[in-house]
Amino acid sequence: MTAFKVALVLVVAAAGLLRWRRPAWYWLAFGVTLAALRVLVRYRSVMDACGLTVPPARWRLSLARATNRPIPEPRPPRIRRLRPTRTGLVLRLKLRPGQDVFDIAAASDRLRHSFSMFGVTSREVRSGVVEVRMTGYDVLKRVQMPAETETRAMRVPVALREDGSVHYRDYRAIPHALTLGATESGKSVYQRNLVAGLAPLDVALVGIDCKQGVELFPLARRFSALADSPDTAAELLDALVARMADVYRLIRTQQRITVDVPDAEIAADIWDLPDELRPTPVVVLVDEVAELALYATKEEERRRDRIITALVRLAQLGRAAGIYLEICGQRFGSELGKGITMLRAQLTGRTAHRLNDETSANMAFGDIAPDAVLAAIQIPAELRGLAIAGDASGGWHRIRAPHTSLRQAVNLCNRYADRTPDLPELAPFRPTTGTATELVPSAKAAPATA
């Protein structure tokens with residue numbers, strides 16, 4: 001008996017130590033079993049207390065009265081599946097007649113307390129079926145990306161969501177995006193994860209870094225073109241607009257609009273073209289958009305109008321030509337001049353790290369998810385990398401990218417330097433990197449890429 005008590009004390013101590021130092025290990029070893037039992041045992045009473053039950057059907061009441069049996073209890077949503085994950089539980093529910101998915105969403109906070117989970121979110125899978133994702137610990141405190149992620153063309157994992165799922169940057173679904181963040185908010189780390197995810201893919205990277213290239217030029221071996229000043233940026237954007245026109249001419253000549261060609265094979269963008277004819281897609285990363293919009297003289301104003309006009313054209317027309325924009329900045333507001341709000345309207349994806357003012361948060365989410373504005377300005381300064389991500393659908397999530405040092409990103413870009421395509425129209429802007437440097441070992445491994 002004494003040995004059993006000693007073993008029990010050791011197990012409890014180990015569980016407490018794991019929960020404090022390694023919450024992910026604790027969850028996989030102990031938490032997932034306890035949480036599943038807690039949900040199954042408390043499910044009916046919790047749903048009743050949260051108002052997520054419906055009265056029994058009339059025929060059941062009539063049958064109970066006719067047979068002199070007890071009145072049936074209210075019915076909660078039926079559990080279709082309970083699936084454990086490495087960060088929590090996934091509960092798939094079949095709603096009863098009269099229930100709505102918004103009822104589950106409104107009760108998320110009460111469900112979190114009742115089931116003793118860290119977070120609860122819900123989404124509609126299809127009509128009448130709701131998926132409730134519950135996290136057992138703070139997955140954003142120490143981000144650990146899963147070893148395996150879904151691979152797809154122009155889709156890269158960049159961060160982890162608060163519900164434990166992976167946040168992807170899908171250029172086919174959301175062609176252009178805006179990323180905002182104050183100094184030391186984690187915006188640069190998010191950008192490095194994005195470059196790290198794109199590096200192994202067949203894509204051309206084009207960078208505009210007006211801070212004399214301190215952010216993007218260390219990654220130059222994987223970039224097909226780089227600009228480190230507004231003057232060079234204006235010429236580079238003009239070259240991209242010219243490339244876009246050439247790609248559209250190619251698509252027009254290859255559309256194959258004849259009576260014997262099925263509709264699905266008619267080309268309308270580069271992804272409808274045969275592999276041997278498809279131009280290389282281009283991702284344009286603008287590190288600080290405000291530097292392109294500020295001016296002090298008439299000449300700089302003309303350059304500024306030229307740059308913003310080119311960006312708006314690429315945002316409006318670039319998707320079908322395989323040109324995608326990643327606009328980053330510390331500040332983004334209407335005071336940057338005409339054309340800025342027009343540019344913002346074309347940037348479907350929005351990501352906001354910690355911001356110093358509410359105006360920038362409104363520019364990011366005011367037109368798509370007003371309730372995300374408050375969440376963006378409440379991000380604490382000590383949680384670098386924490387961000388709010390949303391899109392034009394109105395939904396938003398808290399995300400956090402894994403920490404990637406500049407050395408890790410440089411090593412990864414050097415490793416995939418042979419995948420850097422040579423685009424003739426961008427040849428004058430190809431960075432000169434000299435000979436390849438030997439990879440310097442880093443303390444941590446590079447993050448998982450697609």
Side-chain angles (χ1 to χ4, degrees), residues 142-147 149 151 154-160 166-171 177 179-181 183-228 281-289 324-330 349 351 353 384-387 389 399-421 429-450:
R142 184 181 298 159
V143 178
Q144 294 179 342
M145 299 291 285
T149 56
T151 58
M154 300 305 296
R155 186 172 184 258
V156 296
V158 292
L160 199 65
V166 178
H167 180 71
Y168 292 92
R169 178 69 179 92
D170 191 345
Y171 289 94
T179 303
L180 299 178
T183 303
E184 296 295 323
S185 64
K187 177 168 57 66
S188 298
V189 174
Y190 177 85
Q191 192 178 60
R192 290 173 201 159
N193 278 276
L194 189 61
V195 174
L198 291 170
L201 305 182
D202 292 324
V203 59
L205 300 181
V206 174
I208 298 177
D209 183 3
C210 292
K211 295 185 294 185
Q212 297 299 315
V214 295
E215 290 287 348
L216 296 181
F217 268 78
L219 316 174
R221 290 184 55 78
R222 186 55 185 86
F223 276 75
S224 298
L226 278 171
D228 61 354
V282 178
V283 176
V284 183
L285 294 100
V286 180
D287 184 67
E288 185 52 68
V289 67
Y324 309 102
L325 297 182
E326 285 287 344
I327 306 295
C328 303
Q330 300 181 26
T351 303
H353 296 75
R384 297 180 182 177
L386 187 65
I399 65 170
R400 195 176 190 184
H403 178 71
T404 301
S405 67
L406 185 57
R407 169 50 59 188
Q408 290 173 324
V410 169
N411 287 349
L412 199 60
C413 288
N414 290 346
R415 184 185 310 164
Y416 294 104
D418 59 324
R419 304 187 73 95
T420 305
F429 310 98
R430 182 70 183 264
T432 56
T433 56
T435 58
T437 57
E438 184 180 356
L439 297 184
V440 179
S442 54
K444 298 180 181 179
T449 58

Which heavy atom of [X] sits nearest a heavy atom of [Y], and at what distance?
X    : Y    : result
Q408 : S405 : OE1-N, 2.9 Å
G213 : P218 : O-CD, 3.6 Å
C413 : V195 : SG-CG1, 3.7 Å
P200 : G197 : CD-O, 3.3 Å

Roughly how far apart are [X] [atom1] and [Y] [atom2], rounded to 0.5 Å?
X    : Y    : atom1 : atom2 : answer
T404 : N193 : OG1   : CG    : 3.5 Å
M145 : T149 : CE    : OG1   : 6.5 Å
L180 : S185 : CG    : OG    : 9.0 Å
D209 : L285 : CG    : CG    : 10.0 Å
L194 : T179 : CG    : OG1   : 7.5 Å
S188 : Q191 : OG    : CD    : 6.0 Å

Do the non-hydrogen side-chain atoms of [X] and [Y] ever get within less than 4.5 Å of each other?
X    : Y    : result
V289 : C328 : no
L160 : R400 : no
L325 : Y171 : no
F223 : L216 : yes
H403 : R384 : no
V166 : P146 : yes

Can you classify the ring geometry of Y190 versus H353 as parallel (below 30°), tilted (30 to 60°) or perpendicular (above 60°)? perpendicular

Is there a donor-acceptor pair closer than 3.5 Å between any side-chain N or O of [X] and the backbone N or O of [Y]?
X    : Y    : value
S224 : V206 : no
D287 : I208 : no
T420 : R221 : yes

Between T183 and Q330, a side-chain donor and acceptor under 3.5 Å: yes

Is a donor from one side chain sitting under 3.5 angstrom from an acceptor on the other, for N411 and R407? yes

Got a sec, which residues hit side-chain contact (heavy atoms from CB on, under 4.5 Å) with A199, two or more places apart in sequence or on another chain? R222, Y416

By side-chain contact (heavy atoms from CB on, under 4.5 Å) - contacts of A159 (at least two apart): H167, I399, A401

Quick one, Y324 with V282, criterion side chain to side chain contact (heavy atoms under 4.5 Å, CB included). Give me CA distance, side-chain angles, the key distance, then yes/no. CA-CA 6 Å; Y324 309 102; V282 178; over 6 Å; no

Assess whether a salt bridge exists between E288 and K211, defined as any Lys/Arg side-chain N lying under 4.0 Å from an Asp/Glu carboxylate O. no

Listed partners of R192 passing salt bridge (charged side-chain N to carboxylate O under 4.0 Å, His left out), at least two apart: none

Please determine whether side chain to side chain contact (heavy atoms under 4.5 Å, CB included) holds for the pair F217 and L226, giving the CA-CA distance in whole Å, both sets of side-chain angles, and the decisive distance to 0.1 Å. CA-CA 7 Å; F217 268 78; L226 278 171; 3.7 Å; yes

